[in-house]
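The first residue in the sequence is number 1, and the count goes up from there.
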Amino acid sequence: MVVSPAGRVLHNTVSALLTSGDAPVAVLPMTFGRNPTMVADVAKTLRWLSTGDGAGRVVLCDDFGTIDHLIAWLRKAATETAQRRPGAALVITARASNPFDDAELYRVAHLVRTHGAGLEVEVACVEEDGDVADAVRRARLLGSEESVVVPAGFARTSSAPWGSGELARARFYGPLMSEQAVLQVVRQRLAAAEHSLGHGHDGIETGLLADHGHGYAHSHAFEESQGGHAHPHPHPHPHPHPHPHGGGEPAHTPVNSAHGHDSKHHEAPAAHGASNDEVLTHRH
(Lines give C-alpha, C1' and ligand atoms only; values in the text may rest on other atoms or scores of the structure.)
Protein backbone atom coordinates (compact mmCIF):
# COMPACT_ATOMS: atom_id res chain seq x y z
CA MET A 1 0.00 0.00 0.00
CA VAL A 2 1.19 3.52 -0.80
CA VAL A 3 -0.27 6.73 0.63
CA SER A 4 0.01 9.82 -1.56
CA PRO A 5 -1.71 13.11 -2.33
CA ALA A 6 -3.83 13.37 -5.45
CA GLY A 7 -2.41 14.77 -8.67
CA ARG A 8 0.97 14.08 -10.23
CA VAL A 9 2.22 11.97 -7.31
CA LEU A 10 -0.80 9.67 -7.64
CA HIS A 11 -0.35 9.47 -11.42
CA ASN A 12 3.29 8.44 -11.03
CA THR A 13 2.48 5.94 -8.28
CA VAL A 14 -0.26 4.16 -10.24
CA SER A 15 1.83 4.22 -13.42
CA ALA A 16 4.74 2.57 -11.62
CA LEU A 17 2.49 -0.16 -10.19
CA LEU A 18 0.92 -0.84 -13.58
CA THR A 19 4.28 -1.22 -15.31
CA SER A 20 5.86 -3.35 -12.56
CA GLY A 21 3.31 -6.15 -12.79
CA ASP A 22 0.03 -7.27 -14.28
CA ALA A 23 -2.13 -7.22 -11.15
CA PRO A 24 -5.05 -4.76 -10.74
CA VAL A 25 -4.41 -1.49 -8.91
CA ALA A 26 -7.02 -0.08 -6.51
CA VAL A 27 -7.10 3.56 -5.40
CA LEU A 28 -8.95 4.44 -2.20
CA PRO A 29 -9.79 8.12 -1.44
CA MET A 30 -9.03 8.55 2.26
CA THR A 31 -11.81 11.02 2.95
CA PHE A 32 -15.04 11.13 4.90
CA GLY A 33 -16.82 12.72 1.95
CA ARG A 34 -15.87 16.32 2.74
CA ASN A 35 -13.70 16.66 -0.36
CA PRO A 36 -15.67 15.57 -3.45
CA THR A 37 -13.44 17.74 -5.65
CA MET A 38 -10.43 15.64 -4.69
CA VAL A 39 -12.34 12.46 -5.56
CA ALA A 40 -13.27 13.86 -8.98
CA ASP A 41 -9.64 14.84 -9.59
CA VAL A 42 -8.51 11.33 -8.68
CA ALA A 43 -11.06 9.89 -11.10
CA LYS A 44 -9.73 12.14 -13.88
CA THR A 45 -6.22 10.87 -13.24
CA LEU A 46 -7.36 7.26 -13.29
CA ARG A 47 -9.39 7.74 -16.48
CA TRP A 48 -6.16 8.55 -18.34
CA LEU A 49 -4.41 5.56 -16.77
CA SER A 50 -7.23 3.08 -17.40
CA THR A 51 -6.53 2.93 -21.14
CA GLY A 52 -3.85 0.93 -22.93
CA ASP A 53 -1.95 -1.32 -20.53
CA GLY A 54 -4.17 -0.14 -17.68
CA ALA A 55 -7.42 -1.22 -19.33
CA GLY A 56 -9.43 -3.35 -16.91
CA ARG A 57 -6.73 -3.08 -14.23
CA VAL A 58 -7.48 0.22 -12.47
CA VAL A 59 -10.34 0.61 -10.01
CA LEU A 60 -11.48 3.56 -7.90
CA CYS A 61 -12.83 2.46 -4.53
CA ASP A 62 -15.70 4.11 -2.73
CA ASP A 63 -14.58 6.84 -0.32
CA PHE A 64 -13.19 5.57 2.96
CA GLY A 65 -16.24 7.00 4.72
CA THR A 66 -19.23 9.30 4.39
CA ILE A 67 -20.34 12.39 6.25
CA ASP A 68 -22.68 10.21 8.29
CA HIS A 69 -19.74 8.02 9.33
CA LEU A 70 -17.79 11.13 10.35
CA ILE A 71 -20.70 12.42 12.43
CA ALA A 72 -21.04 9.06 14.18
CA TRP A 73 -17.35 8.93 15.13
CA LEU A 74 -17.42 12.55 16.32
CA ARG A 75 -20.51 11.87 18.41
CA LYS A 76 -18.59 9.03 20.04
CA ALA A 77 -15.75 11.46 20.80
CA ALA A 78 -18.28 13.93 22.24
CA THR A 79 -19.80 11.28 24.49
CA GLU A 80 -16.41 10.16 25.76
CA THR A 81 -15.35 13.77 26.38
CA ALA A 82 -18.49 14.53 28.35
CA GLN A 83 -17.96 11.43 30.50
CA ARG A 84 -14.24 11.84 31.12
CA ARG A 85 -13.93 15.63 31.32
CA PRO A 86 -17.23 17.19 32.44
CA GLY A 87 -17.44 20.88 31.53
CA ALA A 88 -15.08 20.55 28.58
CA ALA A 89 -15.90 21.65 25.04
CA LEU A 90 -15.16 19.63 21.93
CA VAL A 91 -13.21 21.45 19.20
CA ILE A 92 -13.41 19.73 15.81
CA THR A 93 -10.45 20.49 13.57
CA ALA A 94 -9.71 19.99 9.89
CA ARG A 95 -7.41 21.66 7.45
CA ALA A 96 -9.00 24.75 5.85
CA SER A 97 -10.22 24.04 2.35
CA ASN A 98 -12.71 25.94 0.21
CA PRO A 99 -15.76 27.77 1.64
CA PHE A 100 -18.12 24.91 0.77
CA ASP A 101 -16.09 22.14 2.40
CA ASP A 102 -15.47 24.36 5.44
CA ALA A 103 -19.20 25.08 5.68
CA GLU A 104 -19.84 21.33 5.62
CA LEU A 105 -17.61 20.95 8.67
CA TYR A 106 -19.75 23.51 10.53
CA ARG A 107 -22.85 21.53 9.55
CA VAL A 108 -21.22 18.38 10.90
CA ALA A 109 -20.39 20.18 14.15
CA HIS A 110 -23.97 21.40 14.50
CA LEU A 111 -25.29 17.84 14.14
CA VAL A 112 -22.74 16.56 16.68
CA ARG A 113 -23.78 19.35 19.06
CA THR A 114 -27.51 18.77 18.53
CA HIS A 115 -27.42 14.99 18.82
CA GLY A 116 -24.36 14.74 21.03
CA ALA A 117 -23.75 14.64 24.77
CA GLY A 118 -24.79 18.18 25.71
CA LEU A 119 -21.34 19.77 25.54
CA GLU A 120 -20.28 22.82 23.56
CA VAL A 121 -18.88 22.05 20.10
CA GLU A 122 -16.62 24.46 18.21
CA VAL A 123 -14.89 24.26 14.81
CA ALA A 124 -11.35 25.13 13.76
CA CYS A 125 -10.67 25.18 10.01
CA VAL A 126 -6.90 25.27 10.32
CA GLU A 127 -5.03 27.55 7.95
CA GLU A 128 -2.69 29.28 10.40
CA ASP A 129 -1.17 28.14 13.68
CA GLY A 130 -3.48 30.34 15.76
CA ASP A 131 -6.76 28.99 14.35
CA VAL A 132 -7.12 26.23 16.94
CA ALA A 133 -6.34 28.65 19.75
CA ASP A 134 -9.09 30.96 18.45
CA ALA A 135 -11.62 28.11 18.64
CA VAL A 136 -10.44 27.22 22.15
CA ARG A 137 -10.86 30.87 23.15
CA ARG A 138 -14.41 30.94 21.79
CA ALA A 139 -15.27 27.84 23.80
CA ARG A 140 -13.85 29.41 26.96
CA LEU A 141 -15.88 32.61 26.44
CA LEU A 142 -19.00 30.44 26.13
CA GLY A 143 -18.29 28.97 29.55
CA SER A 144 -16.29 25.80 28.92
CA GLU A 145 -13.61 25.11 31.49
CA GLU A 146 -11.35 23.37 29.01
CA SER A 147 -11.33 22.08 25.43
CA VAL A 148 -10.66 18.69 23.89
CA VAL A 149 -9.45 18.97 20.28
CA VAL A 150 -10.44 16.14 17.93
CA PRO A 151 -9.42 15.73 14.26
CA ALA A 152 -12.19 15.35 11.67
CA GLY A 153 -9.87 13.13 9.67
CA PHE A 154 -6.93 10.77 10.01
CA ALA A 155 -4.39 12.69 12.11
CA ARG A 156 -3.03 10.41 14.82
CA THR A 157 -0.73 12.80 16.67
CA SER A 158 -0.26 16.53 17.17
CA SER A 159 2.83 18.57 17.92
CA ALA A 160 0.85 21.59 19.19
CA PRO A 161 1.91 22.94 22.62
CA TRP A 162 -1.05 21.53 24.53
CA GLY A 163 -1.22 22.66 28.14
CA SER A 164 0.72 25.90 27.67
CA GLY A 165 0.15 29.44 26.40
CA GLU A 166 -3.13 29.92 24.58
CA LEU A 167 -3.66 26.15 24.70
CA ALA A 168 -3.15 25.93 28.47
CA ARG A 169 -6.67 24.59 28.96
CA ALA A 170 -6.72 22.37 25.88
CA ARG A 171 -5.71 18.80 25.15
CA PHE A 172 -5.58 16.58 22.07
CA TYR A 173 -8.22 13.85 21.92
CA GLY A 174 -6.05 11.53 19.87
CA PRO A 175 -6.97 9.73 16.64
CA LEU A 176 -10.64 9.71 15.73
CA MET A 177 -10.46 5.98 14.88
CA SER A 178 -8.18 3.23 16.09
CA GLU A 179 -5.70 1.71 13.65
CA GLN A 180 -7.65 -1.55 13.76
CA ALA A 181 -10.89 0.23 12.81
CA VAL A 182 -9.19 2.08 9.95
CA LEU A 183 -7.64 -1.10 8.57
CA GLN A 184 -10.94 -2.94 8.75
CA VAL A 185 -12.66 -0.27 6.65
CA VAL A 186 -9.74 -0.20 4.18
CA ARG A 187 -10.00 -3.97 3.71
CA GLN A 188 -13.74 -3.73 3.14
CA ARG A 189 -13.39 -0.99 0.53
CA LEU A 190 -10.59 -2.81 -1.31
CA ALA A 191 -12.49 -6.10 -1.34
CA ALA A 192 -15.64 -4.40 -2.63
CA ALA A 193 -13.65 -2.65 -5.37
CA GLU A 194 -11.98 -5.89 -6.42
CA HIS A 195 -15.40 -7.53 -6.64
CA SER A 196 -16.79 -4.65 -8.72
CA LEU A 197 -13.81 -4.74 -11.09
CA GLY A 198 -14.42 -8.43 -11.60
CA HIS A 199 -17.88 -7.51 -12.86
CA GLY A 200 -16.58 -4.80 -15.18
CA HIS A 201 -17.15 -1.74 -12.96
CA ASP A 202 -14.07 0.37 -12.21
CA GLY A 203 -15.83 3.19 -10.31
CA ILE A 204 -14.15 5.88 -12.40
CA GLU A 205 -17.25 7.25 -14.14
CA THR A 206 -19.01 7.51 -10.78
CA GLY A 207 -15.97 9.28 -9.32
CA LEU A 208 -16.00 11.84 -12.12
CA LEU A 209 -19.43 12.96 -10.89
CA ALA A 210 -18.37 13.21 -7.24
CA ASP A 211 -18.30 17.01 -7.19
CA HIS A 212 -21.28 17.54 -9.49
CA GLY A 213 -23.56 20.05 -7.77
CA HIS A 214 -20.87 20.79 -5.16
CA GLY A 215 -20.63 24.51 -4.44
CA TYR A 216 -23.22 27.07 -5.35
CA ALA A 217 -26.68 25.79 -6.24
CA HIS A 218 -26.42 24.17 -9.65
CA SER A 219 -29.27 24.97 -12.01
CA HIS A 220 -29.68 24.79 -15.77
CA ALA A 221 -32.85 26.85 -15.86
CA PHE A 222 -31.23 29.78 -17.64
CA GLU A 223 -29.26 27.64 -20.09
CA GLU A 224 -32.30 25.56 -20.96
CA SER A 225 -34.36 28.71 -21.57
CA GLN A 226 -31.70 29.62 -24.13
CA GLY A 227 -31.86 26.27 -25.89
CA GLY A 228 -29.79 23.91 -23.76
CA HIS A 229 -26.74 23.78 -21.51
CA ALA A 230 -23.13 23.19 -22.26
CA HIS A 231 -21.98 20.06 -20.44
CA PRO A 232 -23.18 16.46 -20.50
CA HIS A 233 -24.44 14.49 -17.52
CA PRO A 234 -23.29 10.88 -17.66
CA HIS A 235 -25.28 8.61 -15.35
CA PRO A 236 -23.50 5.33 -14.74
CA HIS A 237 -25.80 2.59 -13.43
CA PRO A 238 -24.00 -0.43 -12.01
CA HIS A 239 -25.90 -3.66 -12.55
CA PRO A 240 -27.32 -5.57 -9.58
CA HIS A 241 -25.84 -8.85 -8.34
CA PRO A 242 -28.74 -11.06 -7.29
CA HIS A 243 -26.56 -14.11 -6.73
CA PRO A 244 -25.49 -14.92 -3.15
CA HIS A 245 -21.92 -14.27 -2.05
CA GLY A 246 -21.81 -16.16 1.21
CA GLY A 247 -21.70 -14.79 4.74
CA GLY A 248 -19.39 -12.41 6.50
CA GLU A 249 -17.07 -9.82 5.03
CA PRO A 250 -15.62 -10.22 1.52
CA ALA A 251 -12.16 -11.75 1.29
CA HIS A 252 -9.19 -9.38 1.12
CA THR A 253 -6.06 -10.14 -0.86
CA PRO A 254 -2.96 -9.39 1.27
CA VAL A 255 -0.65 -6.57 0.23
CA ASN A 256 2.18 -7.60 -2.05
CA SER A 257 5.17 -7.41 0.29
CA ALA A 258 7.39 -6.17 -2.51
CA HIS A 259 5.82 -2.74 -2.24
CA GLY A 260 6.12 -2.18 1.49
CA HIS A 261 4.67 0.98 2.99
CA ASP A 262 5.27 4.61 2.17
CA SER A 263 5.83 6.37 5.50
CA LYS A 264 5.52 9.89 4.14
CA HIS A 265 2.50 11.79 5.40
CA HIS A 266 1.62 15.38 4.57
CA GLU A 267 0.80 17.17 7.82
CA ALA A 268 -1.39 20.22 8.20
CA PRO A 269 -0.01 23.52 9.64
CA ALA A 270 1.78 22.83 12.93
CA ALA A 271 0.11 19.39 12.98
CA HIS A 272 -2.80 20.80 14.98
CA GLY A 273 -4.81 17.65 14.54
CA ALA A 274 -5.92 18.62 11.02
CA SER A 275 -5.06 16.28 8.19
CA ASN A 276 -5.09 16.33 4.43
CA ASP A 277 -7.35 14.08 2.42
CA GLU A 278 -5.08 11.63 0.64
CA VAL A 279 -5.41 8.49 -1.44
CA LEU A 280 -4.26 4.98 -0.67
CA THR A 281 -3.06 2.93 -3.64
CA HIS A 282 -2.99 -0.86 -3.43
CA ARG A 283 -2.01 -3.58 -5.90
CA HIS A 284 -4.05 -6.76 -5.49
**Item:** side chain to side chain contact (heavy atoms under 4.5 Å, CB included) between Val186 and Met1, worked out
**Value:** CA-CA 11 Å; Val186 168; Met1 294 185 185; 4.0 Å; yes

**Fill in**
Distance col, row Asp41:CG vs Leu208:CG, nearest 0.5 angstrom, shows 10.0 Å

**Message:** For Ala26 versus Cys61, what's the shortest heavy-atom pair and its separation?
**Reply:** CB-SG, 4.0 Å

**Complete:** Interatomic distance, CD1@Ile92 vs CG@Leu74, rounded to 0.5 Å, equals 4.5 Å

**Asked** Looking only at heavy atoms, what is the nearest atom pair of Leu197 and Val58, with distance?
**Response** CD1-O, 4.0 Å

**Item:** Atom pair CG (Leu46) and CG (Asp202), whose distance is rounded to the nearest 0.5 Å
**Value:** 8.5 Å

**Prompt:** What distance do Asp62 atom CG and Leu190 atom CG have between them, rounded to the nearest 0.5 Å?
**Reply:** 11.0 Å

**Asked** With the threshold set at 4.0 Å, does a side-chain nitrogen-carboxylate oxygen contact exist between Arg137 and Glu166?
**Response** yes

**Request:** Evaluate the side-chain proximity of Phe154 to Leu176: yes if any heavy-atom separation is below 4.5 Å, no if none is.
**Result:** no

**Asked** Does the side chain of Asp211 come within less than 4.5 Å of Val39's, by heavy atoms?
**Response** no

**Asked** Which of these passes side-chain contact (heavy atoms from CB on, under 4.5 Å) with Val27: Thr45, Ile204, Val14, Val2?
**Response** Val14

**Request:** Identify whether Leu28 and Val9 are in the same connected component of the hydrophobic contact network (ILVMFWY, side-chain heavy atoms under 4.5 Å).
**Result:** no

**Fill in**
What one should report as the nearest heavy-atom pair of Ala135 and Val91 is CB-CG1, 3.7 Å

**Request:** Answer with yes or no whether the hydrophobic clustering places Val59 together with Trp48; edges join I, L, V, M, F, W, Y residues whose side-chain heavy atoms lie under 4.5 Å apart.
**Result:** no

**N/O donor-acceptor pair under 3.5 Å between Asp63 side chain and Phe32 backbone** = no

**Request:** Report yes if the side chains of Gln188 and Gln184 come closer than 4.5 Å at any heavy-atom pair, otherwise no.
**Result:** yes

**Stepwise side chain to side chain contact (heavy atoms under 4.5 Å, CB included) check, Val132 with Trp162** = CA-CA 11 Å; Val132 173; Trp162 307 111; 4.1 Å; yes

**Item:** Where Ser15 and Leu49 come nearest, the two heavy atoms and their spacing
**Value:** OG-CD2, 3.3 Å

**Message:** Is the shortest side-chain heavy-atom distance between Val3 and Met30 below 4.5 Å?
**Reply:** no

**Prompt:** So, does Arg34 use its side chain to make a donor-acceptor pair with the main chain of Asp101 at under 3.5 Å?
**Reply:** yes

**Test item: Ser144 side-chain N/O and Glu146 main-chain N/O as donor-acceptor pair under 3.5 Å** = no

**Prompt:** side-chain hydrogen bond (donor to acceptor under 3.5 Å, both in side chains) with Glu122: which of Arg140, Arg113, Arg138?
**Reply:** Arg138

**Request:** Would you check, one step at a time, whether the test side chain to side chain contact (heavy atoms under 4.5 Å, CB included) holds for Met177 with Val185?
**Result:** CA-CA 11 Å; Met177 300 174 63; Val185 175; 4.3 Å; yes

**Message:** Counting C-beta onward and ignoring hydrogens, is there a side-chain heavy-atom pair between Asp53 and Thr19 closer than 4.5 Å?
**Reply:** no

**Request:** Measure the CG-NE2 distance between Leu105 and His110 for me, rounded to the nearest 0.5 Å.
**Result:** 13.5 Å

**Item:** Test log, rule side chain to side chain contact (heavy atoms under 4.5 Å, CB included), inputs Phe64 and Val182
**Value:** CA-CA 9 Å; Phe64 175 91; Val182 171; 4.0 Å; yes

**Item:** Within one Ile-Leu-Val-Met-Phe-Trp-Tyr cluster: Leu183 and Trp73, side-chain cutoff 4.5 Å
**Value:** no

**Prompt:** Where do Val149 and Phe172 come nearest, in terms of heavy atoms and distance?
**Reply:** O-CD1, 3.5 Å

**Request:** Specify the closest pair of heavy atoms between Ala43 and Leu60, including all atoms of both residues, with the distance to one decimal.
**Result:** CB-CD2, 3.9 Å

**Request:** Check whether any side-chain heavy atom of Cys125 sits under 4.5 Å from a side-chain heavy atom of Asp131, and report yes or no.
**Result:** no

**Item:** Backbone N/O of Gly65 and side chain of Arg189: donor-acceptor pair under 3.5 Å
**Value:** no

**Fill in**
Output for pair (Thr206 OG1, His201 NE2), nearest 0.5 Å, gives 9.5 Å

**Asked** Taking everything shown except Asn12 itself, do over 12 heavy atoms lie less than 6.0 Å from its CG?
**Response** yes

**Prompt:** Is any side-chain heavy atom of Thr66 closer than 4.5 Å to a side-chain heavy atom of His69?
**Reply:** yes

**Request:** Please confirm whether the backbone N or O of Ser147 pairs with a side-chain atom of Arg169, one donor and one acceptor, at under 3.5 Å?
**Result:** no

**Message:** Is the shortest side-chain heavy-atom distance between Arg107 and Ile67 below 4.5 Å?
**Reply:** yes

